[in-house]
Structures are given as structure tokens and as C-alpha cells.
Amino acid sequence: MAAFDPDKEIPRHIAIIMDGNGRWAKQRDLPRREGHRAGAQSVETCLETCGEIGVEYLTLYAFSSENWKRPEAEVSALMGLLAHFLKEKTPSLMKNNIRLQVIGQWEKLPESNQRALRKTMEKTAKNDGLTLVVALSYGSREEVVGATRALMQKAIDGEIKPEDVDATIFSEHLDTAGMPDPDLLIRTSGEYRISNFLLWQISYSEIYITKDYWPDFRREHLLEAVGEYQCRQRRFGGIESD
Ligand code: IPE
Ligand code: IPE
Ligand code: MG
């Protein structure tokens with residue numbers, strides 16, 4: 001057990017693959033949507049905890065580009081939960097100085113969800129506490145392809161030359177432009193995979209995997225993950241310091 005220490009380095013950016021809602025529900029003989037509903041409470045708790053310890057960015061993988069393959073009823077339950085979250089929680093985002101941003105192809109979401117997202121993003125745009133980044137219809141490969149297309153178009157239009165493209169310029173064409181890379185990547189439910197999440201951005205992130213299902217992941221679990229992060233030696237390809 002790695003104890004969290006508020007005086008040690010706090011990750012600026014935490015990214016979470018919120019997985020295991022369906023299995024959590026199955027364990028209890030409940031429909032999958034009940035797992036997603038219980039998971040929404042974990043989102044709220046994590047937001048509070050991140051704000052409290054001074055994390056700057058929290059990115060949540062809420063719906064992947066591959067999740068459209070799920071049964072229509074489940075997709076629509078997830079969209080309903082998103083709508084409910086935005087309606088209920090926008091006042092507390094304002095109260096807690098949280099700014100909302102979205103990454104992914106969220107233009108594929110139902111119109112009503114897009115409108116609600118736009119409204120909350122506009123309302124919270126000037127908040128300068130924690131930034132909550134929600135990944136919706138997000139897939140890292142699609143994001144990388146999108147950046148490549150944008151850069152190719154700029155080259156065709158004569159705005160840049162191929163030799164101008166470097167890692168910095170490439171990053172500026174991703175959905176995450178302007179955000180620091182995640183320091184800590186958490187995946188719940190014990191799966192050891194990335195599932196098309198932030199492939200470019202997690203090059204040097206510290207990875208923390210827990211067996212807990214997302215609806216069980218609450219304040220103490222997040223602090224445990226940060227405590228473990230605080231014990232890691234990050235090297236970025238260099239050698240051990242001191
Ligand atoms: C994560 O939980 C939520 C989404 C992917 C939307 P799952 O729904 O994937 O739950 P499991 O993995 O089936 O338990
Ligand atoms: C990843 O979970 C996507 C989200 C958490 C939104 P999945 O449950 O979709 O991933 P796989 O299918 O187990 O790889
Ligand atoms: Mg899953």
C-alpha cells in the first residue's frame with residue numbers, strides 16, 4: 001500500500017479508463033445500465049478528490065469509438081446518463097470552478113447531447129480550476145488519422161512543408177492540443193490493455209491498473225493510485241536521478 005502524501009508531487013494530469021461497470025452490475029444481478037449509473041457516482045467523487053489535491057486535468061474515457069458496437073439500448077442508456085450528468089452537475093462544476101472540455105468525434109452523438117455539451121462547455125469556459133476532459137466517441141487511431149489529414153491539407157495549401165512536421169506540431173493537431181500529457185493513467189477492472197485511448201499522449205505516463213470495478217473506485221482508491229505514482233521514478237529515457 002502506497003500512502004498518498006499531499007506534500008509530494010501531485011500528477012498534473014490523470015487519465016482514467018473507467019472500466020467494469022457491466023461486470024459490477026452482473027455481480028449483483030442488475031442490468032448493465034445500473035452499473036453505468038453507479039459509475040456516475042465514482043465520476044463525481046473523483047472530480048471532488050482531484051480538485052481537493054490540486055490535479056489540473058482529469059481525462060475520463062466515457063465512450064469509445066468502438067462502443068457504438070454495443071446494443072442500442074445500452075448506448076442510449078449511456079447517452080441518457082450523460083444528459084442527466086450535464087443537467088444535474090453543471091451548477092456544481094461552476095461552484096467548484098471546473099472547466100469542461102470534450103475530445104473525440106462527439107459530433108456523432110445525438111443532437112441533444114451535443115447541445116448540452118456545448119452549453120456546459122461555454123458556461124464553464126472561464127473556470128480556471130480543474131479541467132475535466134471527457135472522451136466521447138473517442139478513438140486514438142481516429143484522432144491520429146485526423147491530425148495527419150489536417151497536416152496534409154496544410155501542406156497541400158502551402159501553409160507548411162513536410163519537413164516542418166515534428167512531435168510538437170503533430171501534438172498541436174490532436175484533440176488534446178494545449179493539454180499536458182497524462183502523468184498517470186489508471187485503468188479499473190483489471191484489464192491490461194489501452195483500448196484505443198490516448199496512444200500518442202501516454203508515451204511516458206505511469207500506468208496503474210486495479211482490479212476494482214469502476215463503480216467501486218472511490219476517493220481512497222484514487223488516493224492509493226496517486227500514492228503509488230508518488231513512489232515511481234520517472235526517467236523519460238534518462239538515468240536515475242540522485
Ligand atoms: C465501462 O464499463 C463503461 C463503458 C465502456 C462505457 P463496461 O460497460 O465496459 O463494463 P464491462 O467491461 O463490460 O464490465
Ligand atoms: C474502454 O472500455 C472504453 C471505455 C472505458 C469508455 P471497453 O470495455 O470498451 O474496452 P474493451 O472492449 O474491454 O477493450
Ligand atoms: Mg469494459
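On a predicted model such as this, the values are computed, not experimentally measured, just so you know. Ligands are counted one by one from 1 in listed order, and the atoms in each one are counted from 1 as well. Atoms considered below: every heavy atom in the structure, side chains included; atoms not considered: hydrogens, waters and symmetry mates.
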A.B. asks: Using salt bridge (Lys or Arg N to Asp or Glu O under 4.0 Å) as the criterion, list what pairs up with Arg193, not counting sequence neighbours.
C.D. replies: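 With sequence neighbours excluded, Arg193 shows a salt bridge (Lys or Arg N to Asp or Glu O under 4.0 Å) to Glu191, given in chain and number order.
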A.B. asks: Check salt bridge (Lys or Arg N to Asp or Glu O under 4.0 Å) between Glu56 and all other residues, then give those that pass, not counting sequence neighbours.
C.D. replies: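 Partners of Glu56 by the salt bridge (Lys or Arg N to Asp or Glu O under 4.0 Å) criterion, ordered by chain and then number, come out as Arg12.
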A.B. asks: At a 4.0 Å threshold, what atoms of ligand 2 neighbour a non-hydrogen atom of Arg193?
C.D. replies: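 Matching atoms, with element in brackets: 11 (P), 13 (O), 14 (O).
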A.B. asks: Relative to each other, are the rings of Phe63 and Trp68 parallel, tilted or perpendicular (30° and 60° limits)?
C.D. replies: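 The rings of Phe63 and Trp68 stand perpendicular, inter-plane angle above 60°.
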A.B. asks: I'd like to check the salt bridge (Lys or Arg N to Asp or Glu O under 4.0 Å) partners of Asp212; sequence neighbours left out, ordered by chain and number.
C.D. replies: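 By the salt bridge (Lys or Arg N to Asp or Glu O under 4.0 Å) rule, Asp212 matches no residue at all.
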A.B. asks: Please check this pair: side chain of Asp157 against backbone of Lys154, looking for a donor-acceptor N/O pair closer than 3.5 Å.
C.D. replies: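 No, the answer is negative, given that no donor and acceptor are paired below the 3.5 Å cut-off.
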A.B. asks: Phe236 vs Tyr204 aromatic rings, parallel, tilted or perpendicular, using cut-offs 30° and 60°?
C.D. replies: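 Because their plane-to-plane angle lies in the 30° to 60° range, the rings of Phe236 and Tyr204 count as tilted.
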A.B. asks: Could you go through ligand 1 and note, for every N or O atom, any protein N or O atom closer than 3.5 angstrom, writing the atom names and distance to 0.1 Å, or 'none'?
C.D. replies:
unit_1, atom_1, unit_2, atom_2, d
ligand 1, 2 (O), Gly20, N, 3.4
ligand 1, 2 (O), Asn21, N, 3.2
ligand 1, 8 (O), Arg32, NH2, 2.8
ligand 1, 8 (O), Arg70, NH1, 2.7
ligand 1, 9 (O), Asp19, OD1, 3.0
ligand 1, 9 (O), Arg70, NH2, 2.9
ligand 1, 10 (O), Asn21, N, 3.2
ligand 1, 10 (O), Gly22, N, 2.9
ligand 1, 12 (O), Asp19, OD1, 2.8
ligand 1, 12 (O), Arg23, NH2, 2.8
ligand 1, 13 (O), Arg32, NH1, 3.2
ligand 1, 13 (O), Arg32, NH2, 3.0
ligand 1, 14 (O), Gly22, N, 3.3
ligand 1, 14 (O), Arg23, N, 2.8
ligand 1, 14 (O), Arg23, NE, 2.8

A.B. asks: Let me check your reading of the structure: within less than 2.8 Å of the Mg ion (ligand 3), is there an N/O/S atom from Asp19?
C.D. replies: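 Yes, within the cut-off.
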A.B. asks: Would you call the rings of Phe170 and Trp200 parallel, tilted or perpendicular if under 30° counts as parallel and over 60° as perpendicular?
C.D. replies: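 Answer is tilted, since the angle falls between 30° and 60°.
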